[in-house]
2 protein chains.
Amino acid sequence: MVISIKDVAKRAGVSAGTVSNVFSGNRAVKSDLVERVRRAATDLGYQPDRAASQLRAGKARIVAALVPDLNNPFFTSLIASIEARVRGEGYDIIVASSHGDAEEETRRLAALLGWRPAGVVIIPCNDDFSSRELLMGSGIPFVVADRVPSYFEGDAVTVDNVDAGRQAAEHLVALGHARFVVAASSMKLQNIRERCEGIAAVLAKQGLPSPTLIEVGLDFDTASERLGTFMEGEQQATAFIALTNFATLGILASAHKTGLSVPDDISVMGFDDYSWMHAVKPPLTAIRQPVEEIGRTIWNRLRGHLDDEGEPPARERLLCELVVRASTGAPKTAGVSSA
Amino acid sequence: MVISIKDVAKRAGVSAGTVSNVFSGNRAVKSDLVERVRRAATDLGYQPDRAASQLRAGKARIVAALVPDLNNPFFTSLIASIEARVRGEGYDIIVASSHGDAEEETRRLAALLGWRPAGVVIIPCNDDFSSRELLMGSGIPFVVADRVPSYFEGDAVTVDNVDAGRQAAEHLVALGHARFVVAASSMKLQNIRERCEGIAAVLAKQGLPSPTLIEVGLDFDTASERLGTFMEGEQQATAFIALTNFATLGILASAHKTGLSVPDDISVMGFDDYSWMHAVKPPLTAIRQPVEEIGRTIWNRLRGHLDDEGEPPARERLLCELVVRASTGAPKTAGVSSA
DNA sequence: CGTTTTTCGTAAATCGTTTTACAGAACTGG
DNA sequence: CCAGTTCTGTAAAACGATTTACGAAAAACG
């Protein structure tokens with residue numbers, strides 16, 4: 001049923017090796033033979049078997065991506081961005097989700113490594129990054145993205161999280177806010193801690209009280225629940241900063257539930273930038289991660305290791321962009337004099 | 001560097017075939033040998049090479065997914081749902097995007113078929129489904145999802161789009177709306193036409209004028225632009241129905257831009273159900289597609305063909321669910337007497 | 001023109017598994 | 001205890017591509 005290289009060779013009246021050379025371009029083949037082979041291949045609908053190809057050649061045109069959650073649009077947009085890069089070069093992407101579980105992460109990674117991919121892109125589910133050893137032991141080039149533990153020394157690309165936090169805080173401070181709430185997913189994550197750090201630095205410098213920190217977890221439901229109970233008690237804060245996209249939703253949902261109006265009662269700063277953010281009312285001010293660029297950078301890093309050019313590992317930090325829309329404004333009740 | 005089955009065999013003092021049998025469970029192996037092999041394998045960190053395995057065995061534990069856009073959360077949530085199903089059975093998922101282009105769809109499909117996957121899940125980028133021939137010729141089981149051309153007779157799973165349209169229209173008619181606008185991505189898509197059909201049927205039955213149809217394209221920017229220019233002219237319509245998630249955003253964005261308030265001036269019915277829809281104000285009434293169930297059904301369909309049980313092809317149609325929130329209400333200016 | 005070099009095709013080896021063919025050991029039942 | 005059957009191990013073939021070794025033809029050179 002399925003056509004092999006030998007069928008093509010027979011029909012074109014050449015050897016299998018020649019057919020291989022025509023397709024791989026590995027060695028020159030006279031033009032009339034190329035013609036014959038090409039024709040035979042399209043006639044038969046030949047498509048090289050990639051498993052066989054990779055087994056013999058030892059190199060796979062496949063990159064594995066392992067993320068904590070395929071329902072999180074940030075992760076999938078990253079995958080989309082990587083896919084857009086690699087497709088032109090004949091690579092395919094194999095994806096897996098660790099579902100936020102460290103052991104599953106290791107299991108899935110082991111399975112992915114069975115494909116002997118050319119490279120691996122991984123977003124660990126926590127800072128332990130317990131699958132690290134397995135990954136390093138495999139000798140396969142890999143890039144850690146988004147959640148990079150501080151001790152990690154290999155290739156990694158993230159945004160400049162401290163700066164992201166700083167930009168968010170500075171914008172709100174400039175508007176006159178003094179009482180901050182930070183909605184973080186989990187303080188166990190290095191990127192989240194860095195974003196907090198950036199915010200704290202700005203507030204400290206201005207002599208403002210340090211922000212109230214709320215850990216909202218990694219999905220929408222727990223986020224909006226925890227923020228909801230918080231908001232019902234608290235009256236002072238006027239500036240809310242989300243540190244992940246789910247935190248953004250949580251803040252919004254509980255603000256509405258509590259009857260607080262945005263931006264009149266409170267200002268909210270979202271994280272990541274999605275279409276819905278400028279479709280809703282008020283359109284959301286947010287810190288935008290340069291997803292396209294992150295994907296491009298990951299691929300560049302990976303490719304540097306593919307053609308066994310021994311490129312040294314590097315830590316790339318890309319800048320976020322503050323996009324100001326209407327969910328942030330000057331605090332109305334600035335006169336509670338909280339200092 | 002990388003450990004092969006022979007290394008394990010040597011260390012365990014057995015033959016390669018025995019190691020294979022231990023891992024595949026294909027033939028019984030005495031327990032003491034199993035023990036020795038297992039130990040040797042973990043000592044060496046052995047992971048079977050899946051390319052070699054699949055080459056010899058002829059069957060791949062891999063399923064290929066080809067979608068029009070990896071940035072569309074509906075498509076990625078479908079992939080997430082499928083991933084959740086197959087991971088337990090040792091399958092991996094390889095993804096690709098056709099970027100909405102029919103020729104690219106065929107090209108990407110050809111590349112994916114090179115992996116000789118156990119099955120293919122495809123969401124065609126249009127009703128021509130020009131990659132169909134290639135797919136059928138390959139002899140690999142496949143399931144078409146979401147966008148299924150009317151003439152297609154193979155395995156397919158979608159929602160009941162006519163019913164979805166009906167549910168949306170009935171809800172709004174019950175609230176008292178008479179003038180409808182439907183924001184459709186493209187009338188070239190069968191699923192969109194069916195949703196329209198469902199809406200039209202309800203309106204016709206009630207003796208209401210047929211809805212104004214606006215094709216908004218497949219991304220957010222063109223959607224909000226076309227709807228914006230429309231809304232500035234039109235005053236009569238009070239009920240807006242979106243037929244895709246981007247259309248939902250387009251309606252919302254242009255309503256805000258035009259200064260129309262939801263649900264006081266107009267009611268809006270969204271499509272698909274995402275977290276942001278209940279985080280925003282007003283929370284959106286929407287037609288929810290059962291993504292989890294769609295994924296499960298796709299996998300069931302596919303699996304029916306894997307173990308060469310010659311299951312006959314089937315067309316599955318799952319029901320959508322109307323989730324009523326606050327973006328729909330009775331029309332204020334019901335007295336324009338439009339009949 | 002003779003010699004050396006280059007070009008380009010073929011046959012066969014090879015990658016790491018699974019599977020087949022075979023054989024000795026261990027059961028079975030009478 | 002013996003013939004027949006079942007277990008369970010090994011050696012070698014096989015999957016479909018790439019790559020190597022080799023040789024014939026062509027090209028280059030003095």
Side-chain angles (χ1 to χ4, degrees), chain A residues 1-38 40-41 44-62 90 92 111 113-118 138-140, chain B residues 1-37 40-41 44-62 90 111 113-118 138-140:
Chain A
M1 188 69 220
V2 69
I3 310 300
S4 86
I5 201 171
K6 285 185 186 166
D7 302 313
V8 178
K10 192 175 296 175
R11 182 177 241 261
V14 298
S15 75
T18 300
V19 177
S20 172
N21 286 327
V22 168
F23 280 94
S24 67
N26 221 323
R27 265 181 48 179
V29 175
K30 283 248 180 85
S31 56
D32 53 334
L33 283 199
V34 171
E35 172 82 9
R36 288 225 307 273
V37 169
R38 282 255 143 75
L44 296 172
Y46 169 66
Q47 182 74 34
D49 184 314
R50 306 203 54 173
S53 159
Q54 125 163 25
L55 171 60
R56 178 60 239 246
K59 55 185 74 165
R61 297 185 89 78
I62 198 172
D92 285 304
L113 291 178
W115 290 104
R116 310 284 187 261
S138 75
I140 292 175
Chain B
M1 186 71 219
V2 67
I3 309 301
S4 87
I5 201 171
K6 285 185 186 169
D7 303 313
V8 178
K10 192 176 297 175
R11 182 177 241 258
V14 298
S15 75
T18 300
V19 177
S20 172
N21 286 327
V22 168
F23 281 95
S24 67
N26 220 322
R27 266 181 48 179
V29 175
K30 281 249 180 85
S31 56
D32 54 334
L33 283 199
V34 171
E35 173 83 9
R36 288 225 310 272
V37 169
L44 296 172
Y46 169 67
Q47 182 75 33
D49 183 316
R50 306 202 54 172
S53 158
Q54 126 163 24
L55 171 60
R56 178 62 241 240
K59 56 187 73 167
R61 296 184 90 77
I62 196 173
L113 290 179
W115 290 105
R116 310 284 187 260
S138 75
I140 291 175

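Just so it is clear: chains get the letters A, B, ... in the order the sequence lines come, proteins before strands, and each one is counted from 1.
- A distance of 12.0 Å separates CZ in A:R116 from CD1 in A:I62, rounded to the nearest 0.5 Å.
- Taking atom CH2 on A:W115 and atom P on C:dT17, their separation rounds to 13 Å, with Å as the unit.
- Rounded to a whole Å, the CZ atom of A:R36 is 11 Å from the C1' atom of C:dG9.
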Distances under 3.5 Å only, N/O to N/O: pair up the protein atoms with those of nucleotides 17-19 of chain D.
residue: D:dA17; atom: OP1; partner: A:Y46; partner atom: OH; Å: 3.1
residue: D:dA17; atom: OP1; partner: A:D49; partner atom: N; Å: 3.1
residue: D:dA17; atom: OP2; partner: A:I5; partner atom: N; Å: 2.2
residue: D:dA17; atom: O5'; partner: A:Y46; partner atom: OH; Å: 3.3
residue: D:dT18; atom: OP2; partner: A:S20; partner atom: OG; Å: 2.5
residue: D:dT18; atom: O2; partner: A:R56; partner atom: NH1; Å: 3.0
residue: D:dT19; atom: OP2; partner: A:N26; partner atom: ND2; Å: 2.5

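- A rotation axis mapping the C1' atoms of four pairs onto the next four is fitted at both ends of the helix from C:dC1-D:dG30 to C:dG30-D:dC1 over five pairs, and the angle between these axes is 20° to 10 degrees.
- The backbone N or O of A:W115 sits less than 3.5 Å from a side-chain atom of A:Q54, completing a donor-acceptor pair.
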Protein and nucleotides 4-8 of chain C: nitrogen or oxygen contacts under 3.5 angstrom:
none

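- One atom, CZ of B:R50, and another, C1' of D:dC15, lie 17 Å apart when rounded to the nearest Å.
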Assess the residue pair B:D7 and B:Y46 against the criterion (side chain to side chain contact (heavy atoms under 4.5 Å, CB included)); give the C-alpha distance rounded to whole Å, side-chain angles, the decisive distance to 0.1 Å, and a yes or no. CA-CA 9 Å; B:D7 303 313; B:Y46 169 67; over 6 Å; no
Item to check | side chain to side chain contact (heavy atoms under 4.5 Å, CB included) assessment of A:I5 paired with A:F23 | outcome: CA-CA 10 Å; A:I5 201 171; A:F23 280 94; over 6 Å; no
Verdict with reasoning, A:D92 to A:R61, per salt bridge (Lys or Arg N to Asp or Glu O under 4.0 Å): CA-CA 6 Å; A:D92 285 304; A:R61 297 185 89 78; over 6 Å; no
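- At least one donor-acceptor pair closer than 3.5 Å links the side chain of A:S24 to the backbone N or O of A:S20.
- Between the CD1 atom in A:I3 and the CD atom in A:Q47 there is a gap of 11.5 Å [rounded to 0.5 Å].
- Between the side chain of B:R11 and the backbone N or O of B:A40 there is no donor-acceptor pair closer than 3.5 Å.
- In this structure, OG in A:S53 is found 10.0 Å from NZ in A:K59, a value given to the nearest 0.5 Å.
- Both B:L55 and B:S15 lie close to DNA chain D; mapped to their nearest nucleotides by heavy-atom distance, the more 5′-ward contact belongs to B:S15.
- Side chain of A:N21 to backbone of A:G17: a donor-acceptor contact under 3.5 angstrom is found.
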